[in-house]
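Please read all numbers here as calculations on a predicted model, not as lab measurements.
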Amino acid sequence: MALTLAQVDEIAAHLRAVPALVDRLEERSVDTYEAALRWFHAAEAMLQRTRQPVVAQLASLRSLLVQAGRGQPVPEVELTGRPTRRKLRDGAVQYAIARASEALMGAIQPRLDQLEEADRLARQISAVLTVKGHVAACTAAAPDHATRVACLERR
């Protein structure tokens, strides 16, 4: 399903919260695990609303977090030293956030490419209309924006 611009913005805004989670990991904050779970729940809810199949990937990554939270080792995470519950949780959070970020970027990247192409075309069209004098003619003839756009569409 194609994402709307608002949905792409919502997912991108959710991705912008990842640095804060990484900062918590770096600071060895005691609530990193809970914050990551909240982030995953919010991401899953957002993806459910937009009917994106990538929600399944995020749910499986969240299950790894739950597994680590219960003290069970996560096969994808390598630990050094004695495996404490804290190490298990932090390792799982790091792994899950990295994979989730990749999955979310993969979900919006095709749409971002389309939007970039549309922006490039709009700039080219605007430049051509300006060079040909249509923008100046329509600006002088029409006092408001909607009328100017209609004038440019007729040309």
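- Between Arg49 and Glu10 the shortest side-chain heavy-atom distance falls below 4.5 Å.
- Every pair passing side-chain hydrogen bond (donor to acceptor under 3.5 Å, both in side chains) that includes a residue from residues 30-44 is listed here, sequence neighbours excluded: His14-Trp39, Arg24-Asp31, Ser29-Asp31, Glu44-Arg62.
- A distance of 10.5 Å separates CD of Gln48 from CG of Leu58, quoted to the nearest 0.5 Å.
- Heavy-atom minimum distance, Phe40 versus Ile97: CZ-N, 4.2 Å.
- In this structure, Ile108 CD1 and Leu15 CG are separated by 5.5 Å, a value rounded to the nearest 0.5 Å.
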inquiry  = Val55 vs Thr50, test: side chain to side chain contact (heavy atoms under 4.5 Å, CB included). Steps then yes/no.
reply    = CA-CA 10 Å; Val55 70; Thr50 61; over 6 Å; no

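- Heavy-atom minimum distance, Ala107 versus Val54: CB-CG1, 4.2 Å.
- Under the rule for a side-chain hydrogen bond (donor to acceptor under 3.5 Å, both in side chains), Glu76 has no partner lying at least two apart in sequence or in another chain.
- Annotation: the span from Arg89 atom CZ to Thr84 atom OG1 amounts to 10.5 Å, rounded to 0.5 Å.
- Asp90 has its side chain within reach of Leu25: a pair of non-hydrogen atoms, C-beta onward, lies under 4.5 Å apart.
- The main-chain N or O of Arg28 is found under 3.5 Å from a side-chain atom of Arg86 such that the two form a donor-acceptor pair.
- Going from atom CD of Glu102 over to atom CD of Gln109 covers 12.5 Å, rounded to the nearest 0.5 Å.
- How far CG of Leu115 is from CG of Asp119: 9.0 Å, rounded to the nearest 0.5 Å.
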Listed pairs under 3.5 Å, donor-acceptor, residues 63-73 side chains, sequence neighbours left out:
residue : atom : partner : partner atom : Å
Ser63   : OG   : Ser60   : O            : 2.5
Gln67   : NE2  : Pro73   : O            : 2.8

task = Determine, step by step, whether Leu112 and Val8 satisfy the side chain to side chain contact (heavy atoms under 4.5 Å, CB included) criterion, reporting the C-alpha distance in whole Å, the side-chain angles of both residues, the deciding distance to 0.1 Å, and the verdict.
result = CA-CA 8 Å; Leu112 289 175; Val8 170; 3.6 Å; yes

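- Using a 4.5 Å heavy-atom threshold, the side chains of Val18 and Leu104 count as separate.
- With values rounded to the nearest 0.5 angstrom, Glu117 atom CD is found 4.5 Å from Leu121 atom CG.
- Between Ala96 and Leu61 the shortest heavy-atom distance is O-CD1, 3.8 Å.
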